[in-house]
Novice: 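First, the structure itself, so that you have it in front of you.
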Protein chains: 2
Amino acid sequence: MARDKAETKARILTAVGKLLAESGFKSLGVNAIAREAGVDKVLIYRYFEGLPTLLQQFAQAGDYWLSMEALVGDESTIEAETLADWMTYLLLEFMGDLQERSITQEILRWELLEGNELTDELAQVRDQLALDSLKFLKGKGEFPVDQDVPAISAVLIAGVVYLTLRAKIHNTFMGIDFSAPQGWQRIETALASIIQSTMQ
Amino acid sequence: MARDKAETKARILTAVGKLLAESGFKSLGVNAIAREAGVDKVLIYRYFEGLPTLLQQFAQAGDYWLSMEALVGDESTIEAETLADWMTYLLLEFMGDLQERSITQEILRWELLEGNELTDELAQVRDQLALDSLKFLKGKGEFPVDQDVPAISAVLIAGVVYLTLRAKIHNTFMGIDFSAPQGWQRIETALASIIQSTMQ
DNA sequence: AACAAAAGTCACCGACCAGTGACAAACTAT
DNA sequence: ATAGTTTGTCACTGGTCGGTGACTTTTGTT
């Protein structure tokens, strides 16, 4: 092994991501990380103090959500007019993006069992993104005065997250088949329909 | 220890429930169960063959969801008229009931990580309950032809489950405080509002 | 009373885990 | 070149886990 502290640290951080994506947080221990990184585990203690600090550093290096910029990018290319259009667009983009992010999914799973450095960081960034989205939406039209838009968003996002996490383990939920694109299509349509009906 | 096979088996099954409710499925191992039951672990293997069979028996003895009868009971006492009224009623009852069921919550958490005898049983009963609910609702009014009621239900139920599971670990989600009744009140109102708007 | 089956106890195995102390090899500054 | 520091390797402890074989005690039948 080349004597390169920086590279070794990088290998360790990379191993955390790989393990998370491939085997989930259950198998994320000091031994497994060292094994995956091809590094002696004592180096984890020497360079990162321990698992908590390692996770903290991993969290800060991470990129777990779409940024608002990436989400809306060039607004002119998006065909959305009303507030409801925009909200639908944001939610469906969010969902599609989440489906691709194995590590983020795994951290969200973890978050349902316990809090730690990683999940806290993720939650913070997520809440910020949600705040930004609401702010963005406010610029797209008046919120209906009789609706609690943040609460409605919370329910819908929670639903999307739950269905996404669950679909990785079980194919069906409430009779809907999530192994087929049609299943997801039905969810997308339902979300759009809910938003259009509710946000007018 | 009294030499009573039936009682010993009962103690073991009870221990499973207690451990699940109090410490979650992570600590649910043969050793922990035997310790909690005050019983030698070899008896678990002798009477139940092993953990999987034990969980299976525990699952079958379980009562994890409100039945449709308990849910609607005497219909005449429920103030709901329209289809949307009934759907709101069912969903809010479901949510309130789930909040009280520690074991069910824990199994739902488990279900997000892996499938096993317990989670499969729970999912099956849940899907049956959902089917029954939809059937019941069909008797209360015509489904809007342009809406996918099962998909909409799936999203809302998924949201309720996610928020319930998460609230046990973290106080806030999307800026809403779930440690206070007001937070849940906002969710209930949002759900009612979504259903009223969408199901007309 | 004798005996077999059932119920419960005890001690152990191998595998994995987090964490640490002692050491060897390589790089650096003098 | 030598001394000191950094990087990496090795071997071990103490703990938990799932699983099992061998044993003792109780119970019920004949």
Side-chain angles (χ1 to χ4, degrees), chain A residues 1-59 106-107 109-110 113-119, chain B residues 1-59 106-107 109-110 113-119:
Chain A
M1 188 96 317
R3 305 223 147 204
D4 185 334
K5 177 175 177 177
E7 193 201 313
T8 299
K9 290 183 70 170
R11 293 175 65 127
I12 293 174
L13 285 167
T14 305
V16 171
K18 194 170 179 197
L19 278 178
L20 260 186
E22 288 177 1
S23 351
F25 63 87
K26 261 183 314 182
S27 58
L28 194 70
V30 175
N31 288 308
I33 295 172
R35 205 179 303 129
E36 172 70 34
V39 146
D40 195 286
K41 68 173 165 180
V42 81
L43 301 181
I44 293 178
Y45 293 99
R46 212 174 273 168
Y47 295 154
F48 296 96
E49 192 172 338
L51 241 196
T53 318
L54 171 56
L55 290 184
Q56 203 173 315
Q57 298 212 21
F58 179 80
E106 208 52 43
I107 301 176
R109 241 182 268 277
W110 206 349
L113 294 187
E114 57 194 18
N116 60 38
E117 294 73 17
L118 247 182
T119 64
Chain B
M1 189 95 318
R3 305 221 150 203
D4 184 334
K5 177 174 176 176
E7 194 202 313
T8 299
K9 289 183 71 169
R11 293 176 64 126
I12 293 174
L13 285 168
T14 305
V16 171
K18 193 168 179 198
L19 278 178
L20 261 186
E22 289 177 0
S23 353
F25 63 87
K26 261 184 313 181
S27 58
L28 193 71
V30 175
N31 289 307
I33 294 172
R35 206 178 304 131
E36 172 69 34
V39 147
D40 196 286
K41 67 173 166 180
V42 81
L43 301 181
I44 293 179
Y45 292 99
R46 211 174 274 169
Y47 295 153
F48 296 96
E49 191 172 338
L51 241 195
T53 318
L54 171 55
L55 290 184
Q56 203 174 315
Q57 298 214 21
F58 179 80
E106 209 52 43
I107 301 175
R109 240 183 269 277
W110 207 349
L113 294 186
E114 59 195 15
N116 60 39
E117 294 73 16
L118 247 182
T119 64

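Each chain gets a letter, A, B and so on, in the order its sequence line appears, and its residues count up from 1.
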Novice: Carefully, step by step, assess B:Lys41 and B:Ile33 under the rule side chain to side chain contact (heavy atoms under 4.5 Å, CB included).
Specialist: CA-CA 8 Å; B:Lys41 67 173 166 180; B:Ile33 294 172; over 6 Å; no
Novice: Hey, which of these two, A:Asp40 or A:Arg35, hits DNA chain C nearer its 5' end, going by closest nucleotide?
Specialist: A:Arg35
Novice: Whole-Å distance between C:dG19 P and A:Leu54 CG?
Specialist: 12 Å
Novice: Classify the side chain of A:Lys41 versus the base of C:dA18 as yes if they form a donor-acceptor pair under 3.5 Å and no if they do not.
Specialist: yes
Novice: Roughly how far, to the nearest 0.5 Å, is OG1 of A:Thr119 from CG of A:Leu55?
Specialist: 9.5 Å
Novice: Look up atom NZ in B:Lys9 and atom CG in B:Leu43, then write down how far apart they are to the nearest 0.5 Å.
Specialist: 11.5 Å
Novice: At a heavy-atom distance below 4.0 Å, what parts of residues 18-30 of chain B sit against DNA chain D?
Specialist: B:Gly29, B:Val30
Novice: Which pairs count as ring pair (Phe, Tyr, Trp, His ring centres under 6.0 Å) when at least one residue sits in residues 2-52 of chain A, sequence neighbours excluded?
Specialist: A:Phe25-A:Trp110
Novice: Hey, is the side chain of B:Thr8 poking within less than 4.0 Å of OP1 or OP2 on C:dA7, counting only N and O atoms?
Specialist: no
Novice: With a 4.0 Å cutoff (strictly under), does any side-chain N or O of B:Asn31 reach OP1 or OP2 of D:dT16?
Specialist: no
Novice: Check the distance between D:dG19's C1' and B:Phe48's CZ and give it to me in whole angstrom.
Specialist: 17 Å
Novice: What is the separation between atom CZ on B:Arg3 and atom P on C:dA5, rounded to the nearest whole Å?
Specialist: 16 Å
Novice: Relative to the 5' end of DNA chain D, which residue comes earlier, B:Leu51 or B:Val42, by the nucleotide with the nearest heavy atom?
Specialist: B:Leu51
Novice: Looking at A:Arg46, does any N or O in its side chain come under 4.0 Å of the phosphate oxygens OP1/OP2 on D:dT5?
Specialist: no
Novice: Whole-Å distance between D:dG8 C1' and A:Ile44 CD1?
Specialist: 13 Å
Novice: Check step by step if side chain to side chain contact (heavy atoms under 4.5 Å, CB included) holds for A:Asn116 and A:Leu51.
Specialist: CA-CA 10 Å; A:Asn116 60 38; A:Leu51 241 196; over 6 Å; no
Novice: How long is the line joining CG of A:Leu43 and P of D:dG8, in whole Å?
Specialist: 6 Å
Novice: For B:Glu49, does the CD atom have more than 12 heavy-atom neighbours from other residues, nucleotides or ligands under 6.0 Å away?
Specialist: no
Novice: So, does A:Tyr47 get its side chain near the phosphate of D:dG8, meaning an N or O under 4.0 Å from OP1 or OP2?
Specialist: yes
Novice: First locate atom OG1 of B:Thr8, then atom CZ of B:Arg46, and finally report the distance between them rounded to the nearest 0.5 Å.
Specialist: 11.0 Å
